[in-house]
K.L.:
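Got a structure for you, questions after.
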Number of protein chains: 2
Amino acid sequence: MRIGELGRTVGVDVETIRYYEREGLLPPPARAANGYRTYGPGHLERLAFIRHCRALDMPLAEIRRLLAFVARPDAACDDIDRLIDEQLARVRARLASMQALEQQLIGLRALCDSSHRAADCGILHELVAAAHGEACACHPPQG
Amino acid sequence: MRIGELGRTVGVDVETIRYYEREGLLPPPARAANGYRTYGPGHLERLAFIRHCRALDMPLAEIRRLLAFVARPDAACDDIDRLIDEQLARVRARLASMQALEQQLIGLRALCDSSHRAADCGILHELVAAAHGEACACHPPQG
DNA sequence: GCTGGACCCTGTTGTCGCTACAGGGTCAAG
DNA sequence: CTTGACCCTGTAGCGACAACAGGGTCCAGC
């Protein structure tokens, strides 16, 4: 199996596969006489594993840690739990800040809903007022 | 006003201010005899505007567009509305995908909650199963 | 035999929004 | 006269790729 077929099968770009190899996430495959990379089912499985973890938005460093657990099945799995918990905490923190951001944008959008000149635009006024340090819908006094 | 005072006042790192100047977001200030940058109230206002927009997670390219509107107050503000709408759409799309991700991680976490060997870890099994293309809690059949 | 196009290779550079140096200059206080 | 805070330019790094440049390889069709 060559790199193109592997990429199509797993749904990963060819350049990304080579990148994972450079980064040590995927072991270097055998080479054909012409220098082409030749992959086996083990590579396919490992790449699919990486892709799945990436779909869960895990950074490559954490995937590396997980791959180490796959290789050592006798280790305690407390660390795996902790890894997922950390990941969940990060996602939730990011979620909260994005929800706040959504509210700010909704407030800003409500200030302008008809067609007029930029000079009278509530959105622009609000942003400029913020620049003056005045109270604004985006950054109310309570923080 | 020198760069350090400007940075402290607005709450922007000194290196970031120089970066904004390089990127053309902030006009090059006058220089003192010793070469130090010398800022006036106009710079302060503009930098605060940028900072506020960045707090709304706008990419620098969009802030550039907004700054162009501030400079031309007679332009129609439809584009400003559209810009905020686009921003809101991006935030909401990201929000939806992060909520899905949170659910996937919760499902994954539920598979393992006691101390045992990695070989028996439900999380690891699930991730490996995903690598085999089998149905999994993270990527259920309906997509 | 020869050409076109799909595929493969290595290596470098670009993306975004900073951040962190390295290696120097300037200035006021002690 | 030295210390330390501040300033300068320029370059490299981050994460996770994407997008080339500039080549080699292979197979089908004419």
Side-chain angles (χ1 to χ4, degrees), chain A residues 1-26 28-40 43 46-67 86-87 90-91 94 97-98 101, chain B residues 1-26 28-40 43 46-67 86-87 90-91 94 97-98 101:
Chain A
M1 196 182 213
R2 291 186 308 184
I3 197 168
E5 193 186 346
L6 177 65
R8 272 190 305 278
T9 305
V10 181
V12 174
D13 192 271
V14 165
E15 309 258 22
T16 302
I17 296 175
R18 285 195 278 251
Y19 170 72
Y20 287 162
E21 184 182 331
R22 278 200 302 282
E23 293 299 303
L25 283 163
L26 212 52
R31 298 287 184 139
N34 54 14
Y36 290 8
R37 288 171 179 82
T38 308
Y39 295 96
H43 287 101
R46 195 177 171 104
L47 180 59
F49 181 92
I50 295 171
R51 196 197 93 81
H52 188 72
C53 292
R54 282 297 298 144
L56 294 174
D57 209 25
M58 287 187 201
L60 295 188
E62 296 215 347
I63 299 176
R64 230 182 294 262
R65 284 170 61 194
L66 267 185
L67 283 168
E86 285 166 18
Q87 173 73 6
R90 267 202 304 279
V91 166
R94 182 92 182 113
S97 83
M98 294 219 70
L101 175 53
Chain B
M1 195 181 213
R2 291 187 307 184
I3 197 168
E5 194 186 345
L6 178 66
R8 271 190 305 277
T9 305
V10 182
V12 173
D13 192 90
V14 165
E15 309 260 22
T16 303
I17 296 175
R18 285 195 278 251
Y19 170 72
Y20 288 161
E21 183 182 333
R22 278 201 301 281
E23 293 299 303
L25 284 162
L26 211 52
R31 297 287 185 138
N34 54 14
Y36 290 10
R37 288 172 179 82
T38 307
Y39 295 95
H43 286 100
R46 195 176 170 105
L47 180 59
F49 180 92
I50 296 170
R51 194 196 94 81
H52 188 72
C53 292
R54 281 298 296 145
L56 293 175
D57 209 24
M58 287 187 201
L60 295 187
E62 296 215 347
I63 299 176
R64 230 183 295 262
R65 284 170 62 196
L66 267 184
L67 283 168
E86 285 165 18
Q87 173 73 7
R90 266 202 304 279
V91 166
R94 184 90 180 113
S97 83
M98 293 218 70
L101 174 54

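Computed from a predicted model, the values in this text were never measured in an experiment. Order of the sequence lines sets the chain letters (A, B, ...), proteins ahead of strands, with each chain counted from 1.
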K.L.:
Give the rounded distance in Å between these two atoms: CD of Glu62(B) and P of dC16(C).
P.N.:
12 Å

K.L.:
Would you please confirm or rule out a distance under 4.0 Å between OP1 or OP2 of dT9(D) and any side-chain N or O of Arg37(B)?
P.N.:
yes

K.L.:
Given Arg18(A) and Arg22(A), is the side-chain contact (heavy atoms from CB on, under 4.5 Å) satisfied, shown in steps?
P.N.:
CA-CA 6 Å; Arg18(A) 285 195 278 251; Arg22(A) 278 200 302 282; 4.3 Å; yes

K.L.:
Is any side-chain heavy atom of Val91(B) less than 4.5 Å from a side-chain heavy atom of Gln87(B)?
P.N.:
yes

K.L.:
Arg2(A) side chain N/O closer than 4.0 Å to the phosphate oxygens (OP1, OP2) of dC9(C)?
P.N.:
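No, Arg2(A) has no side-chain N/O under 4.0 Å of OP1/OP2 on dC9(C).
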
K.L.:
Take the protein atom CE of Met1(B) and the nucleotide atom C1' of dC6(D), then report the distance between them rounded to whole Å.
P.N.:
15 Å

K.L.:
Can you check side-chain contact (heavy atoms from CB on, under 4.5 Å) on Met1(B) and His43(B), steps first, answer last?
P.N.:
CA-CA 10 Å; Met1(B) 195 181 213; His43(B) 286 100; over 6 Å; no

K.L.:
Output, in order, the C-alpha distance, side-chain angles, deciding distance and verdict of side-chain contact (heavy atoms from CB on, under 4.5 Å) for Thr9(A) and Tyr39(A).
P.N.:
CA-CA 12 Å; Thr9(A) 305; Tyr39(A) 295 96; over 6 Å; no

K.L.:
Pair Arg2(B), Arg37(B) - check side-chain contact (heavy atoms from CB on, under 4.5 Å), show working.
P.N.:
CA-CA 6 Å; Arg2(B) 291 187 307 184; Arg37(B) 288 172 179 82; over 6 Å; no

K.L.:
Tell me which residues in residues 4-23 of chain A lie within less than 4.0 Å of DNA chain D, going by non-hydrogen atoms.
P.N.:
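The answer is Asp13(A), Glu15(A), Thr16(A), Tyr19(A), Tyr20(A).
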
K.L.:
In whole Å, what is the span from the CG atom of Leu60(B) to the P atom of dT19(C)?
P.N.:
12 Å

K.L.:
OP1 or OP2 of dT9(D) sitting under 4.0 Å from any side-chain N/O of Arg31(B)?
P.N.:
yes

K.L.:
Under 4.0 Å between a side-chain N/O of Asn34(A) and OP1 or OP2 of dC26(D), yes or no?
P.N.:
yes

K.L.:
Which residue lies toward the 5' end of DNA chain C, Tyr36(B) or Arg54(B), if each is placed at its nearest nucleotide?
P.N.:
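Closest to the 5' end, via its nearest nucleotide, is Arg54(B).
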
K.L.:
Would you mind reporting whether Leu25(A) and Tyr19(A) have side-chain heavy atoms less than 4.5 Å apart?
P.N.:
no

